[in-house]
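Working notes, beginning with the structure itself.
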Amino acid sequence: MDRENVSKPLVMVVEDEAALVTMLRYNLEKEGYRVCEAMDGEEALTVLAERSPDLVVLDWMLPIMSGIEVCRQIRRKPRTRDLPVIMLTARGEEGDKIRGLNTGADDYLTKPFSLPELMARVRALLRRVRPSQSKGVLQYEAIVMDLAAHRVTREGRNIHLGPTEFRLLQFLLQHPGCVFSREELLNAVWGPDIYVEPRTVDVHIRRLRKALNGDEEADIIRTVRAAGYALDAEGTTV
Ligand code: CA
């Protein structure tokens, strides 16, 4: 394989509607991505075992195994734990959205979605996973983020974070003690051109907290009622 091909991000499309797969493949390849596909949940896991995609576009309603279950499996395996997942679904209810995010999807689009919107989200998510040139180490209290190695530890213990939680923590580590509103965090972490509901921030903060805080450890993220969140050794005072 020549080097240029390998350096192109590989996007995996898991979808049982053949026409949609064809359309997504065409447009993703036009944007410069490599594409692999799976038509059902079981095939998705098989392909994941053989290939190492950089991002997965995952339909919720799939034969054999649902997208939700595939997402759970992705998060369960160490090799794919940090793999970015965009969930597609025909359901539009808020409860389902939050449920989708809680099972570990990084982003969520309701069908029918606009293609430019999906492409913007793919780009944004890949940007977050491959932080451009920012190398170095960020530290606050016992939390250390090694940007080059893409690794986070607390008290030397490895912390596994999804790409969104990683970017969220990176941003908070760059401004310790500062309180940010949900909107500010959305702009900084998701980017201003992406529409995400403010409540999504709460979901990712909750996941970040869960990952960061060990059993006996203080909560390092402070919730400021009606204002937002801050990285703060004083912890939550609400
Ligand atoms: Ca489907």
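Ligands are counted one by one from 1 in listed order, and the atoms in each one are counted from 1 as well. Quick note: residue numbers are just sequence positions, from 1.
- Shortest distance from the Ca ion (ligand 1) to Asp16 is reached at OD1 (N/O/S atoms only).
- Using a cutoff of 4.0 Å between basic side-chain nitrogens and carboxylate oxygens, Glu165 and Arg206 are not scored as salt-bridged.
- Judged by distance alone, the side chain of Arg75 and the main-chain N or O of Gly104 form a donor-acceptor pair under 3.5 Å.
- Taking the charged nitrogens against the carboxylate oxygens, Glu31 and Arg123 do have a contact shorter than 4.0 Å, which makes a salt bridge.
- Contact check for Val179 versus Arg222: side-chain heavy atoms found under the 4.5 Å cut-off.
- Here the N, O or S atom of Asp59 that is nearest to the Ca ion (ligand 1) is OD2.
- Residue Glu17: no N/O/S atom is found under 3.0 Å from the Ca ion (ligand 1).
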